[in-house]
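It should be emphasised that the depicted structure is a prediction, and the values quoted were computed from it without experimental measurement. Numbered from 1 within each chain, the chains take letters A, B, ... in sequence-line order.
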Number of protein chains: 2
Amino acid sequence: MGRIRFRSVKSVMDNAKNQDPPREAAAHGDAVRGSNQSGMRAHNERLVLTLVRQMGPLPKAEIARMTGLSAQTVSVIMRALEADGLLEKGAPIRGKVGQPSVPMGLVAQGAYFLGLKIGRRSLEMILVDFLGRVQGRAQTSHRFPEPDAVVRFAEKAMTQLLGKLPVQHRKRLAGLGIAMPYRLWEWADALKVDPAQMAAWQDRDVAVEIAQRLEVPVYLQNDASAACGAELVFGDQDKPRNFLYFFVGFFVGGGLVLDNALYTGRTGNAAALGSAPVPSGDGQMRQLVDLASLATLEKALLNEGGNSDQIWGDSQEWTVPAHLLEHWLDGAAQGLAHVIAGSVCLIEFDCVVIDGWMPDHLREALVARTVAQLKRSALPGIDVPDIRVGTIGSDARALGAASLPLSNRFLVDRNALWKG
Amino acid sequence: MGRIRFRSVKSVMDNAKNQDPPREAAAHGDAVRGSNQSGMRAHNERLVLTLVRQMGPLPKAEIARMTGLSAQTVSVIMRALEADGLLEKGAPIRGKVGQPSVPMGLVAQGAYFLGLKIGRRSLEMILVDFLGRVQGRAQTSHRFPEPDAVVRFAEKAMTQLLGKLPVQHRKRLAGLGIAMPYRLWEWADALKVDPAQMAAWQDRDVAVEIAQRLEVPVYLQNDASAACGAELVFGDQDKPRNFLYFFVGFFVGGGLVLDNALYTGRTGNAAALGSAPVPSGDGQMRQLVDLASLATLEKALLNEGGNSDQIWGDSQEWTVPAHLLEHWLDGAAQGLAHVIAGSVCLIEFDCVVIDGWMPDHLREALVARTVAQLKRSALPGIDVPDIRVGTIGSDARALGAASLPLSNRFLVDRNALWKG
DNA sequence: CCTCAATAAGTAAATTAGATTTATTTAATA
DNA sequence: TATTAAATAAATCTAATTTACTTATTGAGG
């Protein structure tokens, strides 16, 4: 319906099925769908865009070889995408026998996306281009998140961010994504807020409310899975096809990439690893969130009479006593190692990515300790996966939010091929 | 190449891409493939067969509604499948307004499949029809599995089982599946066999060797995942789209169904849950296989001077002292509960299925205790999934082996759509 | 240095496959 | 007899493949 089209060309741009609210899309519990020609074309267009995004600019012939599609088909598809303003020719590459190849790469101005992060302490909206580069940013902080305030902020921030964009680019806004903790209302205690004040979240659907104020599709995802999406879509290249992701913030959560696509499962809450059981030394079971979240670090800091505001203000400039950090790092690494060891038995990841809201050196220390802990507690039959530091950092959740409309409209996913 | 065709019709039957050795198919690590028309047709045919298998006989119009395909397309596809001898018309259903609907169901003789189970104590081959009904069975027991003996047995059993089949049905053999423990050679100690005698498994590929003696494709899968496949393909209807599966045999292993398809991951060894870490009371980490496998029960039995042969002979008639069973059940349930609680955070299953080589009442007791244990150790944020007893039972691995060629040629899977 | 064979990229036109649309037939109920 | 629903034939449409060609380059031979 009110969906923007950049060009009136039958193409991936027209794949208008994705404007359903994200909850429905995530559920995909309907009957299995058949596939038809238009689904096929849309899929092949997404495939081309996905490959170019992953590998950088590629000539048509190379795409044809990689996809197994005929050269002619790829030629038609890529010229259409070029006409759509999503791909552009690069400088011809000479030096090899035969006609020079013309690599085609993504056009930065091809599409724009808004990402809204709803955090425990702040709201943030960013505007990114087709390459995932941040073009604008708006922020506000709060003591705890409220639906009305979120909608008001979103409306103001959208206007402000889009206002900065050259007029001809504004209509290339392709969607807005929201990254928000799952079941926000259950965390009132942890946020030291009256549960009644958080109860509003149970009945409100900010995604729908924001969608009413915008002409483009709106997607909602839990914050850690969204951050995982940022790593998948915007992260360093040569990402493996399957990986497990952790984002350590006020709480800790996970994300899961299977076959190059974010896996969000039946209810959209897959990889809710904060709840994963972790044995603590005393034989009692605890949960990953008790060990590896910044809420735990904050508590320790407050117990010693410290001030926790500095943690939430800037992710790079922390002055936390070393012994507290040490203790927190050990616990967090132990928890992460246990969850990784269990998860890798279920799904064989090529690697695990750990990111979070914290100074770079701390992220690296956390990864190093997790690796060490995994080696120490090695069990037969479990291959320790490659563990890496996230390449996005503190912005992962907002960027991940922005990646949702991008993935849904321009990248291959398991559902893109089927009939609407 | 040497692939049997039941009819020279362009259809799912001709989808000859699947004859690669299963390891390659499982790896699917190649570049992402594009999709073309023949892939589309093959997919839609598989979709129809999958729906009819899941739901029972369905009229064309109903399939059209469920798949979203046009009535005409479904009509063409289903008539082709009928001509292929895979579907047949049932009695017209009258009593509703309009022309009576003619439900179409699977033809039992539409295809046959061989399933070879390589066990620690025995070899078994079964022949099943398109409905998964066992049409023939051959067995032999051994002290430990040897490649040469396996190939010899397979050759003899194939001849014998196919010999029983009416001649015109023999050419409808669609493939052979093998269910075999992963990394068999690592279990020499547990089987109390000289590691040198098991080393041969490292260099031999019985799937390839058997394939050379057979005109149809051969697939290999670890035994627990194969058993999971049996539950998916042949198990009771109304199976959820996503479930976790355990098979408790000499060892314990898992299987994983995502979006109605067996998920075997990068190396084909997904859901290797026997290796999953489980905390034991004393603060030490153990693995599920130490708690929930029959090897553990056997050890306890032998420790008390009992005879374990009765366990392996018949899965229904056990005479194991009650206190040993009690102790084993408790440990196994504890282990399963921990692994389930961890796994459900990663992937939100609709349900968990537990099956195994054991008397029916014991399987039910194991499920009941696992449920109780999960409730006892409930942690916030973890929804306890529905836990069910497997509907296949002791035959699950052999039936699962037979389900592999069936799934690969006749049912939807994530890869069926792409170009070969 | 020039020429030309070889090679590879890229595309237009014709062909093919398979889904959809439209119109029609059939067979039941109300 | 009107209405409804299933089923399908014929025509149409879409998108991929095949075939045949052009273009632009390198590298070998003169």
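At the heavy-atom level, B:Val102 lies under 4.0 Å from the strands shown only through sugar-phosphate atoms. Using a 4.0 Å heavy-atom distance criterion, A:Thr73 is classed as a base contact.
For the pair A:Val97 and A:Lys89, nearest-nucleotide mapping onto DNA chain C gives the more 5' position to A:Val97. Where A:Val76 and A:Pro100 meet DNA chain D, the nucleotide closest to each residue was compared, and A:Val76 sits on the side nearer the 5' end. The nearest heavy atom of DNA chain C to A:Gln37 and to A:Ala61 marks one nucleotide each, and the one closer to the 5' end goes with A:Ala61.
Each of C:dA30, D:dA16, C:dG18 was ranked by its minimum atom distance to the side chain of B:Arg41; first place goes to C:dG18. In the set C:dG18, D:dT8, D:dA16, the nucleotide with an atom closest to the side chain of B:Ala71 is D:dT8.
Between A:Ser403 and A:Gly229, the closest heavy-atom pair is OG-C, 3.6 Å.
Remark: C1' of D:dT14 and CD1 of A:Ile77 are 12 Å apart, rounded to the nearest angstrom. Here C:dT20 presents its C1' atom at 13 Å from CE of A:Met40, a figure rounded to the nearest Å. Put simply, CD1 on A:Ile93 is 16 Å from C1' on D:dT26, counting in whole angstrom units. A straight line from CD of A:Glu82 to P of C:dG10 spans 11 Å, rounded to a whole angstrom. Here the P atom of nucleotide D:dT4 and the CZ atom of B:Arg65 are 15 Å apart, to the nearest Å. Atom-to-atom, CD1 of A:Ile63 to P of C:dG10 comes out at 11 Å; the value is rounded to the nearest Å. Look at CD on A:Gln72: it is 10 Å from P on D:dT17, rounded to the nearest Å. In this structure, B:Glu45 atom CD and C:dA17 atom C1' are separated by 13 Å, rounded to whole Å.
When side chains are defined from C-beta on, A:Val233 counts as touching A:Leu411, because their heavy atoms get closer than 4.5 Å. The side-chain heavy atoms of A:Val74 and A:Asn44, taken from C-beta on, include no pair separated by under 4.5 Å.
When the side-chain nitrogen and oxygen atoms of A:Asn36 are compared with OP1 and OP2 of C:dT20, one or more of them lie within a distance under 4.0 Å. Checking the phosphate oxygens (OP1, OP2) of C:dA19, a side-chain nitrogen or oxygen of B:Asn44 falls inside 4.0 Å. Distances shown here put a side-chain N or O of A:Arg79 below 4.0 Å from the OP1 or OP2 atom of C:dA12. Applying the 4.0 Å criterion to OP1 and OP2 of D:dA7, one finds that B:Ser75 has every side-chain N and O outside that range. When the side-chain nitrogen and oxygen atoms of B:Lys60 are compared with OP1 and OP2 of D:dT8, one or more of them lie within a distance under 4.0 Å.
Taking a cutoff of 4.0 Å between a charged side-chain nitrogen and a carboxylate oxygen, A:Asp350 and B:Arg266 qualify as a salt bridge. Residues B:Glu82 and B:Arg79 are not paired through a salt bridge, judged by the lack of any N-O separation under 4.0 Å between the basic side chain and the carboxylate.
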